[in-house]
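One is the number of the first residue; the rest follow in order along the sequence.
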Amino acid sequence: MKQRLLVCCLNVQEARRPEVVSKIVSACSGHLVKSFIDPVFNRSNFTICGEQQELVRTVDTISDIALSDIDINSPERLADTTMHHHIGVLDNIPIHPLYNTSIMDAGATAIDIAKCLNSKDIPTLLYGTADTEHGRSLVEVRKSTSFFQQGQIESRKIHSGHPSLGTSVIGAVPYVLSFNVAIDTTDIGKVLPLLPLVRNKKYGVQAMAYHNSNNGRDVVEIACNLNQPSVHEGSSSFILEAVEKLCNEIGLCCIDSYSTNPPFDDILRKYLDP
């Protein structure tokens, strides 16, 4: 029987404690395609691939590790102004069809994962085809929460959801490539006017800017979600070229670019090539 493969790009709010990250990597077992560990924002992304129940079991095991080792409302986390915006430890769990599967299969898998987390008193919000009632997007779901409102310690505290893990957002959408470009400036005001020129609704390019550290250097990064990365105008190479040109026009310089998850075709080759 041919494999029916799905991909999950699991976002976890933990990157500074190697012993916890190591447990999560071990839990992914042979399903891990790539891990992206970001100590600056204390977040990690684990790209895992497998059949439906394999992904459900893997996320289930990782949620147990999170329950044991991570507290979203600990004093240390609440006092940390560098934490990336989030409403839960398992903040975003997107499921994507990969091979011999459909977007509806991804939705069913996302719902199974939500049921698993709900059984542990971890609330979930669904988006994409997993949101069978409204079909909301990730942005629409996040706008209904405190995700975009975090700033002072009190507003960073997660008041709803599980007391130590908060709320998880789970969805089913076509594969999205997360692509970042680091710009050699600390003045985000110079970068913000570039965003409308980088975004492209036709080719599914979404972009935002934020302060970051790149190899110990303070920078501003343009973070893009590429919803059609296989189309030239929506690809990482096209976006990088466009950002470099825009930066050159205003005297700025791009010093790095990277993806937090692997290109779709790389995952296919890994699992399907003999």
Side-chain angles (χ1 to χ4, degrees), residues 6-95 109-127 130 138 141-142 145-147 150 153-172 178 260-261:
L6 298 147
V7 178
C8 172
C9 296
L10 174 63
N11 295 273
V12 182
Q13 296 299 312
E14 179 58 68
R16 296 175 185 161
R17 292 184 292 166
E19 69 278 9
V20 178
V21 173
S22 179
K23 286 183 183 181
I24 296 173
V25 169
S26 296
C28 294
S29 186
H31 301 295
L32 182 64
V33 181
K34 178 181 178 178
S35 58
F36 174 79
I37 314 301
D38 182 7
V40 173
F41 285 138
N42 201 16
R43 60 175 180 169
S44 298
N45 179 283
F46 302 92
T47 303
I48 54 180
C49 179
E51 297 195 342
Q52 179 171 345
Q53 289 309 309
E54 291 173 330
L55 292 189
V56 175
R57 286 194 296 269
T58 300
V59 176
D60 181 30
T61 302
I62 292 172
S63 71
D64 286 338
I65 295 170
L67 280 166
S68 172
D69 295 337
I70 306 174
D71 182 359
I72 198 171
N73 282 321
S74 69
E76 295 80 10
R77 284 176 177 261
L78 292 178
D80 184 358
T81 59
T82 65
M83 289 284 291
H84 194 269
H85 286 203
H86 60 281
I87 60 168
V89 169
L90 307 179
D91 186 56
N92 182 23
I93 310 174
I95 309 296
T109 304
I111 290 171
D112 281 353
I113 291 173
K115 290 177 180 177
C116 176
L117 297 185
N118 294 160
S119 71
K120 303 175 186 183
D121 296 323
I122 304 170
T124 54
L125 297 170
L126 302 178
Y127 66 92
L138 173 60
V141 168
R142 282 179 164 169
T145 72
S146 62
F147 183 87
Q150 295 162 15
I153 290 179
E154 182 58 28
S155 60
R156 286 201 302 275
K157 184 172 183 178
I158 305 300
H159 293 282
S160 60
H162 189 278
S164 64
L165 296 190
T167 300
S168 290
V169 180
I170 308 175
S178 299
T260 61
N261 56 329

Fill in the blank from the handout: Closest heavy-atom pair, Cys28 versus Ile48, reported as atoms and distance to 0.1 Å, is SG-CG2, 3.6 Å
Practice task
Name all pairs fulfilling the side-chain hydrogen bond (donor to acceptor under 3.5 Å, both in side chains) condition that reach into residues 27-41, sequence neighbours left out, sorted by first residue then second.
Solution key: Asp38-Arg43
Exercise for the section: Say whether, by atom type as modelled, one donor and one acceptor occur between the side chain of Thr47 and the main chain of Asn261 under 3.5 angstrom. Expected result: no
Problem - Ser119 side chain to Cys116 backbone, donor-acceptor under 3.5 Å - result: yes
Practice task
Please say which of Asn11, Leu138, Leu126 ends up in a side-chain contact (heavy atoms from CB on, under 4.5 Å) with Val169.
Solution key: Leu138
Completion exercise
Looking only at heavy atoms, the pair that brings Ala130 and Ala110 closest together is CB-CB, 3.7 Å
Fill in the blank from the handout: Tightest non-hydrogen contact, residues Pro163 and Asp71, listed as O-OD1, 3.8 Å
Exercise for the section: Go through the structure and list residues passing side chain to side chain donor-acceptor pair (under 3.5 Å) with Thr260, not counting sequence neighbours. Expected result: none
Handout entry: Polar side-chain atom of Ser44 near backbone of Glu14 as donor-acceptor pair, under 3.5 Å
Key = yes
Completion exercise
Residues Gly166 and Ile72: closest non-hydrogen pair is N-CG2, 4.0 Å
Handout entry: Lys23: partners by salt bridge (charged side-chain N to carboxylate O under 4.0 Å, His left out), with sequence neighbours left out
Key = Asp69
Exercise for the section: Without swapping roles, check the side chain of Lys120 against the backbone of His162 for a donor-acceptor pair under 3.5 Å. Expected result: no
Fill in the blank from the handout: Heavy atoms of Ser168 and Ile122 approach each other most closely as OG-CG2, 4.0 Å
Practice task
Taking all heavy atoms of Leu165 and all of Ser63, pick out the closest pair and write down the distance.
Solution key: CD1-O, 4.2 Å
Fill in the blank from the handout: Rounding to 0.5 Å, atoms OG1 (Thr109) and CD (Glu54) come to a distance of 11.0 Å
Exercise for the section: Would you check if Ile170 and Leu117 make a side-chain contact, meaning some heavy-atom pair closer than 4.5 Å? Expected result: yes
Exercise for the section: Tell me, with the steps shown, if Ile95 and Gln52 meet side-chain contact (heavy atoms from CB on, under 4.5 Å). Expected result: CA-CA 10 Å; Ile95 309 296; Gln52 179 171 345; over 6 Å; no
Handout entry: Sidechain-backbone polar pair: Asn42 side chain, Ala15 backbone, donor-acceptor under 3.5 Å
Key = yes
Practice task
Nearest 0.5 Å please: distance from the CG atom of Leu90 over to the OG1 atom of Thr167.
Solution key: 11.0 Å
Handout entry: Residue among Thr58, Val12, Ile37 satisfying side-chain contact (heavy atoms from CB on, under 4.5 Å) with Ile24
Key = Val12
Problem - Side-chain heavy-atom pair Arg17, Ile70 within 4.5 angstrom cut-off - result: yes
Problem - Side chain proximity check, Ile93 to Thr124, heavy atoms < 4.5 angstrom - result: no
